[in-house]
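Here the structure comes first, spelled out in structure tokens, and everything after it is commentary.
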Amino acid sequence: MIDFSPQLVQLLSIEGERIPRGDFDPWVEDLDGPALLALYRDMVVVRRIDTEATALQRQGELGLWPPLLGQEAAQIGSARALRRDDFIFPSYRENAVAYCRGVKLTDIVKVWRGNAQSGWDPYTVQMATPAIIIGAQTLHATGWALGAQRDDVDSVAITYFGDGATSEGDVNEAMVFAASFQAPVVFFCQNNQWAISEPVGVQAHRNIADRAPGFGIPSLRIDGNDVIAVTAATRIALDRARTGGGPTFIEAVTYRMGPHTTADDPTRYRDPAELAEWKTRDPLLRLHRLLTSLGEITPEVEAATAALADAAAAELRAGCIGMPDPEPLSVFDHVYATPNATLERQRADYAGYLTSFGAEHDSAEQNRKA
Amino acid sequence: MIDFSPQLVQLLSIEGERIPRGDFDPWVEDLDGPALLALYRDMVVVRRIDTEATALQRQGELGLWPPLLGQEAAQIGSARALRRDDFIFPSYRENAVAYCRGVKLTDIVKVWRGNAQSGWDPYTVQMATPAIIIGAQTLHATGWALGAQRDDVDSVAITYFGDGATSEGDVNEAMVFAASFQAPVVFFCQNNQWAISEPVGVQAHRNIADRAPGFGIPSLRIDGNDVIAVTAATRIALDRARTGGGPTFIEAVTYRMGPHTTADDPTRYRDPAELAEWKTRDPLLRLHRLLTSLGEITPEVEAATAALADAAAAELRAGCIGMPDPEPLSVFDHVYATPNATLERQRADYAGYLTSFGAEHDSAEQNRKA
Amino acid sequence: MTPLMTPATVSTVPGLNAPQPIPLSETKTLTMGKAINEGLRQAMLDDPRVVLLGEDIGALGGVFRVTSDLLAQFGARRVIDTPLAESAIIGTAVGLAYRGYRPVCEIQFDGFIFPGFDQIVSQVAKFHYRTQGAVRMPITIRVPFGGGIGAAEHHSESPEAYFTHTSGLRVIAVSNAQDAYSLIRQAIASDDPVLYFEPKRRYHVKGEVVPELGLSMEQAVIVRPGTDVTLLAYGALVTTARDAALAAFDEGISIEVIDLRSLSPVDYAVVEASVRKTGRLVVTHEAAQSGGLGGEIIATVTERCFSYLESAPVRVTGFDVPYPPAKLESCHLPDLDRILDGVDRVMGRR
Amino acid sequence: MTPLMTPATVSTVPGLNAPQPIPLSETKTLTMGKAINEGLRQAMLDDPRVVLLGEDIGALGGVFRVTSDLLAQFGARRVIDTPLAESAIIGTAVGLAYRGYRPVCEIQFDGFIFPGFDQIVSQVAKFHYRTQGAVRMPITIRVPFGGGIGAAEHHSESPEAYFTHTSGLRVIAVSNAQDAYSLIRQAIASDDPVLYFEPKRRYHVKGEVVPELGLSMEQAVIVRPGTDVTLLAYGALVTTARDAALAAFDEGISIEVIDLRSLSPVDYAVVEASVRKTGRLVVTHEAAQSGGLGGEIIATVTERCFSYLESAPVRVTGFDVPYPPAKLESCHLPDLDRILDGVDRVMGRR
Ligand SMILES: Cc1ncc(C[n+]2csc(CCOP(=O)(O)OP(=O)(O)O)c2C)c(N)n1
Ligand SMILES: Cc1ncc(C[n+]2csc(CCOP(=O)(O)OP(=O)(O)O)c2C)c(N)n1
Ligand SMILES: [Mg+2]
Ligand SMILES: [Mg+2]
């Protein structure tokens with residue numbers, strides 16, 4: 001029996017020691033040295049990607065970037081627990097999840113470069129593209145889960161959202177619907193302590209995990225910087241959903257070590273001491289310690305991991321910079337699935353306008369932009 | 001210490017016996033025979049008003065009426081617990097609350113007759129007019145409470161809503177805000193088991209009272225057909241709010257014995273046996289039993305109560321039928337607090353149009369309506 | 001694979017095991033409400049991915065009975081009585097569409113669509129564009145709309161212009177039983193999201209219904225030809241407009257009445273041809289004038305047919321007020337006389 | 001009476017105890033963002049019932065820093081960092097207004113107003129009408145709007161037409177620092193609810209600001225007189241329109257540029273007088289064309305000035321698409337060249 005009480009579940013201490021826990025351990029029995037090393041490798045790579053993307057933004061190659069620094073365990077642990085046919089409805093910060101899903105690095109940054117409103121075809125990776133309206137995607141996940149239920153398959157929907165999102169009506173309505181229909185959906189809340197400048201205390205005076213049970217949804221409160229606990233909790237939730245147990249809520253307690261986005265300046269609202277404190281709880285650090293004690297970390301492993309990360313960063317950079325700009329007339333594409341007379345007329349008018357301008361216009365445009 | 005556990009609180013049994021309960025009893029010590037008789041009288045009168053309004057609707061004098069039959073104890077008990085300076089944000093079914101507040105009977109039905117979008121000035125009775133968009137008023141109550149808090153007064157906002165309403169985002173957001181700011185607001189949910197045709201099980205798989213604690217709001221689950229328990233719970237909640245204890249949630253478990261509104265046909269969705277069962281829990285019946293055992297019920301009391309009720313019904317009927325129709329041009333009144341040129345032009349045009357038509361138009365109008 | 005849980009809405013109300021109705025197979029006289037019901041039934045028979053979501057649509061059959069008997073016929077997995085939350089109704093429909101379903105959402109009354117507005121405007125309307133066509137949103141949102149039924153606040157509104165201003169949505173309004181039947185089927189079959197407006201004061205009006213898909217939902221229809229004035233209407237006012245045309249005919253004015261049917265996109269081919277012929281345009285709708293569809297159409301027609309216009313186009317609409325109380329709605333709503341007054345104005349008679 | 005609880009948002013971040021800024025007392029050059037900040041400060045000093053609500057408006061000063069330093073000056077009881085929920089921001093403002101407060105809500109970006117749409121349309125806009133004037137809603141809703149800043153989805157929208165179609169609301173859009181300062185004060189002082197749109201790509205543009213209430217927010221302003229064409233703009237496009245007029249002047253066309261300022265109601269006195277003079281009208285806005293404010297204005301002007309029109313009025317607007325990705329926004333947004341193209345069209349040059 002799983003203990004669904006609101007105690008924080010930690011299976012890996014800050015010091016890198018494995019903390020045994022009878023109800024969770026069976027779910028992570030397979031996480032031996034090599035398996036943990038694989039998770040570690042993921043975490044190193046996504047952190048490197050994150051740094052590279054931030055650098056690309058600073059260099060003007062991306063318009064914006066929402067760093068996940070500090071949340072690697074929460075994202076990698078949960079994403080690696082999923083089955084291929086499970087479907088992910090993320091917010092905008094789940095770049096590590098997208099990486100696990102096999103989304104091309106260039107496709108991850110496409111939306112932040114401003115080339116498209118989304119970077120990939122959700123159906124090829126079973127993961128929706130970033131959702132910007134806070135909380136809206138939790139309803140989409142619930143609806144998808146209702147579909148899976150009706151299809152008599154045991155695929156599960158998982159949705160990611162933040163601590164701030166829990167205040168939005170949509171997230172609460174999603175819990176109402178999920179509970180009412182016992183939908184196979186996992187609510188995965190990364191409580192990174194901040195919603196832009198607002199500490200989690202503005203959103204909730206109790207632990208976020210305490211909310212779901214009142215809706216009839218069991219919840220787990222886990223150390224989100226502990227990849228083993230995250231893996232266990234996600235597997236438990238997925239299993240419940242697959243076997244008709246309905247929705248589960250997971251609060252992964254973590255920390256946004258960077259700014260909200262590259263446009264943000266946390267020094268305006270955040271005490272540096274807080275960040276320093278959380279640095280000691282770094283998710284990579286403690287896994288590294290465990291792996292070291294397991295003898296998995298060797299100079300070769302370190303080198304290979306770094307090389308992997310560097311290769312990913314290089315791939316990202318090259319792909320980002322090499323991305324062709326969209327064609328002007330593509331602004332009209334895909335508004336509708338079927339032709340729309342009013343829009344087609346606007347397209348034709350604009351095409352005519354561009355043509356009439358010709359080269360002269362192009363240079364005028366360029367001048368204005370310069 | 002009040003026990004905020006989700007046990008159903010009942011202080012008056014179906015058989016009319018007073019059930020002692022250490023934590024609640026002190027709050028209703030003053031409810032002696034005469035005080036209980038006063039509550040009983042209220043309940044008889046509002047039931048009579050309800051019946052009369054239903055009759056008026058059947059006779060075409062009202063467009064619609066939302067009966068409160070069965071919910072008298074929940075409404076009278078809570079409304080009579082309020083102070084004059086507390087402010088009420090009701091839904092559309094709180095006609096007994098309006099009665100307690102001293103709203104004129106004619107004003108109560110004005111909106112249902114279609115003469116105006118609301119029947120009274122909220123500030124004269126400290127009660128907002130009916131809210132039709134489900135759940136919206138819970139946010140207004142929370143905002144009002146934030147105002148009271150800022151004014152350093154100990155007035156409290158109370159908001160009424162149904163079991164169905166708890167599914168709306170707004171009600172959940174209201175709980176988030178109320179908890180975050182510890183606003184002096186009481187959430188009073190009349191769980192009358194139905195939201196039009198939907199049983200409460202569609203909205204929630206757990207008791208509705210279980211929801212609030214997860215938001216950091218203590219809740220009480222009470223027998224809503226027990227006027228003594230309702231009084232006690234409301235007083236407890238008000239006292240918490242007045243003394244800086246923040247919001248409280250009350251689930252009053254009751255039953256909508258009539259149709260949703262006069263436009264509804266419950267035989268399409270409701271088992272008659274259920275109604276029969278709930279008839280045994282009638283709020284008036286059990287209070288009558290208690291009062292009888294207390295010797296408060298005499299033939300004179302019965303007669304006086306009936307006379308009071310009949311007088312109210314007669315007043316309602318006369319006031320309803322005698323209500324003058326609004327003037328055509330009043331359709332333009334009060335859209336804005338300050339003059340609006342576009343609207344004034346429309347008003348002038350329409351006034352001109354009406355004049356140009358003259359008597360000819362009036363009769364044409366009448367013909368079409370006939 | 002695990003056995004599926006029973007959705008919460010499975011109802012055990014007596015009378016639900018009625019014999020299964022046979023779908024419409026020949027021309028029949030139906031009320032508009034019943035015609036929608038038949039259209040829904042046919043769509044559900046045609047495609048197992050069609051599911052209905054809404055408040056009270058199950059055992060009750062909806063407050064207007066438009067979904068009557070569908071729960072009994074198709075079960076609670078396809079006719080889903082939802083909790084009371086419009087944003088969630090639309091938002092879960094998005095998720096269902098994501099999985100290949102074709103959800104049909106019922107909004108109980110026009111004024112209750114706004115809690116779901118964000119999901120409609122920011123999600124339903126934008127998903128296809130956002131994903132460059134990868135994700136389709138074949139969602140139909142049924143909205144009983146308009147006044148004239150003496151209802152309480154929020155029960156008589158005409159919110160269509162909010163949606164015609166929202167790129168990515170299609171918007172249609174039906175005016176009669178045949179269109180109600182045909183267009184609900186077309187809306188559901190459309191790969192684009194469709195707002196389907198049902199004029200509630202015409203629910204009980206009967207008409208002949210042929211069980212066919214009929215004329216494309218994108219096309220406007222000339223319901224009465226004429227030569228002097230073009231009169232555009234949709235929804236409940238189509239009937240009023242036709243009555244006005246009849247009355248005007250007696251006074252020697254020939255009005256061409258067009259039922260727009262599609263509000264977004266508007267079928268300007270039909271509208272322009274008519275205005276080029278008549279040179280005069282009146283548009284009528286119940287919604288408030290400022291920002292209503294009338295202004296949009298007049299601006300577009302003026303742009304495209306300027307030299308054909310004999311006079312300034314005129315609007316006969318609801319006023320710029322919140323929908324008024326029942327006893328005042330006859331002032332607010334365009335009626336035969338106000339339409340004729342508008343016709344007089346474009347004819348230069350006033 | 002009990003001591004009051006401390007609201008959850010009281011922050012103890014360092015740097016919050018800065019010296020209190022002195023309100024604007026003489027003409028100064030300010031950015032538009034700073035001008036709004038000064039206007040808010042003055043309004044809060046003038047009236048203790050003015051409170052601010054929004055996400056991140058406290059310690060951060062809002063994502064655009066428009067509320068910078070106000071928390072430090074007025075405290076957390078008047079500058080309220082709210083939980084992340086727009087419906088609740090508006091809905092609690094309604095309750096505060098009910099109690100006599102004058103709430104100013106900040107919506108972080110245009111595209112995030114929709115979760116609060118129901119409270120705006122069904123509550124804020126209707127309360128005064130509903131209660132026959134008993135309950136006033138002096139709520140100001142500040143909305144940074146429009147594109148041109150290379151932002152992500154939902155961060156560049158122009159939703160103003162949804163509100164100009166909503167009876168009971170006033171809608172204004174500012175275009176420069178002086179108006180930003182004056183009109184935020186007027187909006188807050190208004191007994192009607194006001195949607196106050198701030199063109200975010202002009203936040204950093206500086207201008208002279210006189211600390212006065214200035215011209216009424218209901219009035220349109222001729223920002224450049226002309227005789228050939230009337231060009232209507234608001235928000236960020238006022239600058240573009242003026243630039244276009246300058247460019248056209250070199251080509252011999254005299255354009256009268258009007259900054260509408262008030263979008264609901266539109267100041268038709270000024271607009272009509274101009275069109276009667278020029279006989280030609282171009283309206284420009286970033287919002288999608290169909291159902292946008294341009295259509296409404298053209299319909300009204302056509303109705304009222306038909307015989308003065310030399311040619312069909314023209315719209316130069318965003319296309320009927322969801323706001324496109326950053327790399328395409330320069331195609332979507334009306335710019336100098338597209339406006340001049342529109343001018344050419346009303347001049348019959350194309
Ligand atoms: C409906 C809506 N309102 C406001 C915003 C602006 N916004 C973007 S992110 C954010 C904070 C989100 O905090 P949280 O949910 O904790 O997620 P995190 O960013 O910490 O991952 C806000 C307010 C938005 N995107 N959508
Ligand atoms: C936003 C919104 N959606 C739908 C409705 C239609 N409606 C009116 S009452 C009602 C059921 C309300 O049930 P509940 O909250 O339990 O209150 P009760 O009527 O039982 O008192 C519904 C769905 C509405 N008024 N507002
Ligand atoms: Mg967060
Ligand atoms: Mg109920």
Side-chain angles (χ1 to χ4, degrees), chain C residues 86-87 111-122 125-126 128-130 153-154 157 159 161-168 264-266 283 287-307 309 311-315 318-324 345, chain D residues 86-87 111-122 125-126 128-130 153-154 157 159 161-168 264-266 283 287-307 309 311-315 318-324 345:
Chain C
E86 287 75 12
S87 190
F112 309 149
I113 200 165
F114 300 116
F117 199 71
D118 176 60
Q119 285 285 346
I120 297 175
V121 164
S122 295
K126 293 191 171 57
H128 195 261
Y129 193 71
R130 176 182 301 150
E153 209 186 350
H154 311 289
E157 301 180 7
Y162 295 114
F163 304 101
T164 56
H165 183 49
T166 304
S167 307
S264 180
V266 168
V283 190
Q289 177 161 309
S290 289
L293 190 59
E296 174 59 35
I297 294 177
I298 288 174
T300 303
V301 168
T302 302
E303 202 174 322
R304 301 193 189 171
C305 309
F306 187 67
S307 60
L309 287 176
S311 63
V314 158
R315 288 177 277 183
F319 304 119
D320 287 0
V321 305
Y323 200 86
R345 279 189 281 150
Chain D
E86 288 75 13
S87 190
F112 309 149
I113 199 164
F114 301 116
F117 199 72
D118 176 59
Q119 285 284 345
I120 297 176
V121 164
S122 295
K126 293 192 170 58
H128 195 262
Y129 193 71
R130 177 183 301 150
E153 207 186 352
H154 310 290
E157 301 180 8
Y162 294 115
F163 303 101
T164 57
H165 183 48
T166 304
S167 307
S264 180
V266 168
V283 190
Q289 177 160 310
S290 290
L293 190 59
E296 173 60 34
I297 294 177
I298 288 173
T300 303
V301 168
T302 302
E303 202 175 321
R304 300 191 190 173
C305 310
F306 187 67
S307 60
L309 288 176
S311 63
V314 157
R315 288 177 278 182
F319 304 119
D320 287 359
V321 306
Y323 200 86
R345 278 189 280 151

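Labels below follow one simple rule: chain letters A, B, ... track the order of the sequence lines, proteins then strands, and each chain is numbered from 1. Only this structure's heavy atoms are used, side chains among them; waters, hydrogens and symmetry mates stay out.
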Q: Measure D:Thr164 against the heavy atoms of chain C and call it side chain, backbone, both or neither at under 4.5 Å.
A: backbone

Q | Intermediate values then yes/no, side-chain contact (heavy atoms from CB on, under 4.5 Å), C:Thr300 and D:Arg315 | A | CA-CA 9 Å; C:Thr300 303; D:Arg315 288 177 278 182; 3.0 Å; yes

Q: Please look at C:Ile297 and chain D and tell me whether the side chain, the backbone, both or neither of the residue comes under 4.5 angstrom of a heavy atom of that chain.
A: neither

Q. Checking D:Thr166 against chain C: side chain, backbone, both or neither under 4.5 Å from a heavy atom?
A. both

Q.
Taking the side chain as everything from C-beta on, heavy atoms only, tell me whether C:Glu303 gets closer than 4.5 Å to D:Thr302.
A. no

Q | Gap separating the CG atom of C:Leu293 from the CD atom of D:Glu296, nearest 0.5 angstrom | A | 11.0 Å

Q.
Just so I understand: if I count every heavy-atom pair under 4.5 Å between each of D:Lys126, D:Glu157, D:Arg304 and chain C, which residue has the most?
A. D:Lys126

Q: Look at D:Gly294, D:Gly295, D:Ser290 and state which one has the largest set of heavy-atom pairs under 4.5 Å with chain C.
A: D:Ser290

Q) Are C:Tyr129 and D:Pro324 close enough that some pair of their side-chain heavy atoms sits under 4.5 Å apart? A) yes

**Q.** Minimum-distance pair of heavy atoms, taken over all atoms of D:Ser167 and C:Pro322
**A.** CB-N, 3.7 Å

Q. Which one, D:Gly168, D:Ala125, D:Gly292, leads in non-hydrogen pairs under 4.5 Å with chain C?
A. D:Gly292

Q: Could you walk me through whether D:Val121 and C:Phe117 pass the side-chain contact (heavy atoms from CB on, under 4.5 Å) test, one step at a time?
A: CA-CA 11 Å; D:Val121 164; C:Phe117 199 71; over 6 Å; no

Q. So what's closer than 4.5 Å to chain D heavy atoms on C:Tyr323: side chain, backbone, both or neither?
A. backbone

Q. Hey, what do you get for CZ (D:Phe163) to OH (C:Tyr162), rounding to the nearest 0.5 Å?
A. 8.5 Å

Q | C:Ser264 portion near chain D, given a 4.5 angstrom heavy-atom threshold | A | neither

Q.
How close do D:Phe114 and C:Asp118 get, counting heavy atoms only, and between which atoms?
A. CB-OD1, 3.4 Å

Q) Can you tell which of C:Pro313, C:Cys305, C:Ala299, C:Pro265 has the highest number of heavy-atom pairs within less than 4.5 Å of chain D? A) C:Ala299

(Q) At a 4.5 Å cut-off on heavy atoms, which part of D:Leu309 comes close to chain C: side chain, backbone, both, or neither? (A) both

Q) For the residue pair C:His165 and D:Ala288, what are the closest heavy atoms and their distance? A) CE1-O, 3.4 Å

